[in-house]
Number of protein chains: 2
Amino acid sequence: MEKIYSLRAEIFKALSHPIRLKIVECVSIGEKGVGEIVKCVNAEASNVSRHLALLKKAGILSDRKEGLNIYYRLEIPCVMDFFSCVNKVVKTRLELNRDLLKKI
Amino acid sequence: MEKIYSLRAEIFKALSHPIRLKIVECVSIGEKGVGEIVKCVNAEASNVSRHLALLKKAGILSDRKEGLNIYYRLEIPCVMDFFSCVNKVVKTRLELNRDLLKKI
DNA sequence: TGACTAATTGGTAAAGTTATCAAATAGTAA
DNA sequence: TTACTATTTGATAACTTTACCAATTAGTCA
């Protein structure tokens, strides 16, 4: 039962990079080609490609080939539900920082 | 608007370790002292202490001192909602592996 | 065939994460 | 004060992740 925690942790790790979060958001609206995704996240293609491979390996995205193009899509849409909670944590942190700032 | 993605990514990073997931689960039922948490996750105290500090820094846990003891509690309970979705991803991955196994 | 485009992969250096053990802090109580 | 307990912190070595540029694969089409 130790292994199950490592598997779960891998999913979070897959989401623990700003570029990968942008990718997930970008394809959440619908399937997108790599070129589009590269524009969407504004990073180097080879870099984006590795992040895509990682998200796919984690089971969060799946891909489909069509001619020269490869299209990625969100395999598990429920990950989008994380974001409102994550924003809540971020907000709490920022408010905490603001309160600390007041005391200086 | 780039920074917001890094802040979000930090939350996921904080949850991307098996010990830290166990800690979150352990305190999700209610506030717990470090000693209890150490038993709960079955790891070295100094190691657990660092993971606790990291979760606190991320804004996921908060702490409270009482005499010699320090009690940690889940600051943002909505993170528990992640787990059913994460389990879904894990399950999909395991099923995929099982299907691959059949083909060998 | 060769030229072209889309995407991935190899190599690598810099940066970040983790576990471990020893040492330090801080609170309590004799 | 000393002794004791709970917890954190310092130092460090092994390991992992990342971005970058160059090279490669794979598909299309003239």
Q: Find which nucleotide of DNA chain C each of Gly33(A) and Lys13(A) is nearest to by heavy atoms, and output the residue with the more 5' nucleotide.
A: Gly33(A)
Taking only distance into account, with no hydrogens and no angle test, what donor-acceptor pairs under 3.5 Å do side-chain atoms of residues 48-58 of chain B form with protein atoms, sequence neighbours excluded?
from, atom 1, to, atom 2, distance (Å)
His51(B), ND1, Arg20(B), NH1, 2.9
His51(B), NE2, Asn47(B), OD1, 3.3
Lys56(B), NZ, Asp63(B), OD1, 3.3
Lys56(B), NZ, Asp63(B), OD2, 3.3

Q: Could you tell me which non-hydrogen atom of Lys32(A) sits nearest to which non-hydrogen atom of Ile29(A), and how far apart they are?
A: NZ-CD1, 4.0 Å
Q: Using the side chain to side chain contact (heavy atoms under 4.5 Å, CB included) rule, take Leu94(A) and Leu7(B) through it: C-alpha gap first, then chi angles, then the decisive distance, then the call.
A: CA-CA 10 Å; Leu94(A) 291 176; Leu7(B) 286 167; 4.0 Å; yes
Anything under 3.5 Å between a protein N or O and an N or O of nucleotides 21-26 of chain C, put it in a table, one pair a line.
from, atom 1, to, atom 2, distance (Å)
dC21(C), N4, Ser46(B), OG, 3.2

Q) Which is the 5'-most and which the 3'-most nucleotide of DNA chain D that has an atom under 4.0 Å from a heavy atom of chain B? A)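 For DNA chain D, the relevant span reads dT5(D) to dA11(D).
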Can you check the [X] [atom1] to [N] [atom2] distance for me, whole Å?
| X | N | atom1 | atom2 | result |
| --- | --- | --- | --- | --- |
| Tyr5(A) | dT18(C) | OH | P | 18 Å |
| His51(A) | dA7(C) | NE2 | P | 17 Å |
| Asp63(A) | dA6(C) | CG | P | 18 Å |
| Phe12(A) | dT17(C) | CZ | P | 18 Å |
| Glu36(A) | dA7(C) | CD | P | 9 Å |
| Asn69(A) | dC4(C) | CG | P | 19 Å |

Q) Which is true for Lys56(A) with a 4.0 Å heavy-atom rule: it touches a base, it touches only sugar-phosphate, or it touches nothing? A)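 Here Lys56(A) touches no strand at all.
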Q: State the NE2-CD1 distance between His17(A) and Ile23(A), to the nearest 0.5 angstrom.
A: 9.0 Å
**Q.** NZ/NE/NH1/NH2 to OD/OE distance under 4.0 Å, Arg8(A) and Glu10(A)
**A.** no
Q) Within less than 4.0 Å of OP1 or OP2 of dA6(C), is there a side-chain N or O belonging to Tyr71(A)? A)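 Indeed not, no polar side-chain atom of Tyr71(A) lies that close.
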Q: Please determine which of Asp81(A), Ile11(A), Val79(A) meets the side chain to side chain contact (heavy atoms under 4.5 Å, CB included) test together with Cys85(B).
A: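 Of all the options given, the one that passes is Val79(A).
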Q) When clusters are formed by joining ILVMFWY residues with side-chain heavy atoms under 4.5 Å apart, either directly or through shared neighbours, do Tyr5(B) and Leu74(A) land in the same one? A) yes
Q. Are Tyr71(A) and Ile60(A) in one and the same hydrophobic cluster, where Ile, Leu, Val, Met, Phe, Trp and Tyr link if side-chain heavy atoms are under 4.5 Å apart?
A. no
**Q.** Mutual orientation of the aromatic rings belonging to Phe82(B) and Phe12(A) [parallel < 30°, tilted 30-60°, perpendicular > 60°]
**A.**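 Tilted.
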